[in-house]
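Quick notes on the structure that follows.
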Amino acid sequence: MGDEVRVRFAPSPTGLPHIGNIRTALFNWLFARHHGGKFIVRVEDTDQERLVPGASEAVLDALDWLDLQWDEGPRVEGPLGPYYQSQRLDVYREAAEKLMAGGFAYRCFCSEERLEQLRKEQLRSKNRQGYDRRCRSLSTAERKNLEAQGGPSVVRFAMPVDGVTALNDLIHGEVVWQNDLLDDFILLKSDGFPTYHLAVVTDDHLMKVTHVLRAEEWLPSTPRHLQIYQALQFEPPKFGHLPMILGPDRAKLSKRHGATAAEEYRDDGFLPEAMLNFMALLGWSLDDKTEVMDRGTLVQSFSLERINKSAAIFDLEKLVWMNGVYIRQLSVSELAERILPFLERELPPSLLPVDQEYLLRIVPLIRERIKLLADAAHLTSYFFEEELDYEAGALVQKGMEAREVPPALEAARDELGRAGELQHEPLEQALRAVAADAGLKPRQFFGLLRVAVTGRDVSPPLFETMEALGKERVLFRIDAAIGRFQATGRAVE
RNA sequence: GGCGCGUUCGUCUAGAGGCCCAGGACACCGCCCUCUCAAGGCGGAGAUCGCGGGUUCGAAUCCCGCACGCGCUACCA
């Protein structure tokens, strides 16, 4: 029990979760599941100014979408909650008191103006050292006096001014920092809220976190955390700093990179299982060739040793490809079920509701052609439309004379009229014969029929398409084509 | 500026001294299949392993220096 793995995902609700955040969640989840441990979610809402309403719900929804179940955290709770830091302020205040009592922290009364001024001066002299520790050396009398004035104050950590702090990172190995280069950072803000540094250490300890797997941007603040652990006499967890995920411009992922929020991927029609598989490959690999893996395989084979050190650029094109792979793996009924909401969202209301039976006939035809579920409406609209919209001239295929069109359509109509229910194989045989009789190449004749029946010159195989449409619609469309061609054809002449 | 991390095809990556004049995948190109488009199959192009020094019989792999990139440097996380 004591050596149970406990990891956490600690998002701060300052915006919608992006791929980088979610990838971090995924690695924590995989690590927990691989080791049969616990995956905790803790919302780090300590910045009241940047807090975005609804953001923490969005993070949780994203985890839900990907089916990354957490064992403790919001919505599920657990023995070591609450799991929102804004509800744990007393815990941090207590920790800060303890640090001050032990001489590891002190109250600082410096105004924001003074700090601003200090920063400016340091910047000018190209000698940035951070806070100058003025309040660290206040005499008891001075301190009493300032406290009595009741002005705003913060609590700062008193960094050791000599020695080094060393970390043995799970991913990067040994990293050492010179203590005198680290400044006396703030633990408790003047509004009574803790900074990340105090909150994260306190909570990770209280929630018995054994491994901290977080983005590499946190590496520079790890010595601070290590110092707090030491001062509080807490045993620090193991740390692993995950490679960053960069945008195409190689900069840290942010809103300005366009679609970065997890929910946008859902709305575009990416499958959560494809998303999961793809994200796992950003900074981790199983071996030199395995790429498509289900979640069970991922859990089973995940290991920290195979995590990369270098940042990865998010490659949307490869995600799209992988989504196609996962779509093709779905059964017809599963795919139909997933596509339906997208059709309902994007098809004109007049074409709704979608006939289930009919949809089941259509789906096999687009399964190999659809990469994003959101493309479904565009790929299938002509199956639902009553009247097709195309230029009559599109009926005339390459190498054909316009006058050959009507007889060809009529021959096709006559042939179809003789048939019973349409079935693609006999249909193909029959229409090939018709093409030959008409003196047209299959390519021409079928191309012409494709336009007549779908209104497009690209579609799934013609005969399967006709079969799915059904005899009635096909005959109606061929007649419509004849009519349309004659009406406009004469005008063109 | 300081500190830290990183650097293998355009991109994701394999590679932990000889198996590598570097393997796989996406994208790209060609061919096959073919009623169009896909999917699939086959093939191609694409990386002087950031650069320069070492160590070694031998280095993408070890060591040193440099360059470049990124991150941090807030009463943000």
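Residue numbers start from 1 in every chain, and the chains themselves are labelled A, B, ... in the order their sequence lines are given, proteins ahead of strands. All values below come from the heavy atoms of this structure, side chains included, with hydrogens, waters and symmetry mates left out.
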Q. Does any N or O in the side chain of A:Asp191 come within less than 3.5 Å of the main-chain N or O of A:Phe193, such that one atom is a donor and the other an acceptor?
A. yes
Categorize [X] for me: base, sugar-phosphate, or nothing, with a 4.0 angstrom heavy-atom threshold over every strand shown.
X	answer
A:Lys318	base
A:Ser310	sugar-phosphate
A:Ser285	sugar-phosphate
A:Met244	sugar-phosphate

(Q) Between A:Asp183 and A:Arg224, does any side-chain N to carboxylate O distance fall below 4.0 Å? (A) yes
Q | Sidechain N-carboxylate O distance under 4.0 Å for A:Asp457, A:Lys398 | A | no
Q. Hey, does the side chain of A:His172 come within less than 4.0 Å of B:rG6's phosphate (OP1/OP2), counting only N and O?
A. yes
Q: Give me the residues of residues 405-414 of chain A where at least one heavy atom lies under 4.0 Å from an atom of RNA chain B, by number, or none.
A: none
(Q) Under the side chain to side chain donor-acceptor pair (under 3.5 Å) definition, can you give me all pairs with a residue in residues 195-204 of chain A, not counting sequence neighbours? (A) A:Arg8-A:Asp204, A:Arg42-A:Asp204, A:Gln85-A:Asp203, A:Arg88-A:Asp203, A:Tyr92-A:Asp203, A:Tyr196-A:Arg214, A:His197-A:His225
**Q.** Intermediate values then yes/no, ring-ring contact (aromatic ring centres under 6.0 Å, His included), A:Phe157 and A:Tyr131
**A.** CA-CA 11 Å; A:Phe157 187 78; A:Tyr131 179 59; over 10 Å; no
(Q) Using heavy-atom distances to pick each residue's nearest nucleotide on RNA chain B, tell me which of A:Ala10 and A:Phe446 is more 5'. (A) A:Phe446
Look through every strand shown and name the nucleotide pairing with [N] as Watson-Crick or G-U wobble, where both distances are under 3.5 Å.
N	result
B:rC21	none
B:rU61	none
B:rG43	B:rC29
B:rG69	B:rC5

Q: State yes or no: are the ring centers of A:Phe463 and A:Phe446 separated by less than 6.0 Å?
A: yes
In terms of side-chain heavy atoms of [X], which of [options] is nearest?
X	options	answer
A:Lys189	B:rC26, B:rC75, B:rU36	B:rC75
A:Glu291	B:rG24, B:rA77, B:rC35	B:rG24
A:Arg443	B:rA77, B:rU36, B:rC5	B:rU36

Q: Look at the side chain of A:Glu216 and the base of B:rG6, then say whether one donor and one acceptor between them are separated by less than 3.5 Å.
A: no
Q: Determine the interatomic distance between P on B:rG52 and the same-named atom on B:rG18; round to the nearest Å.
A: 23 Å
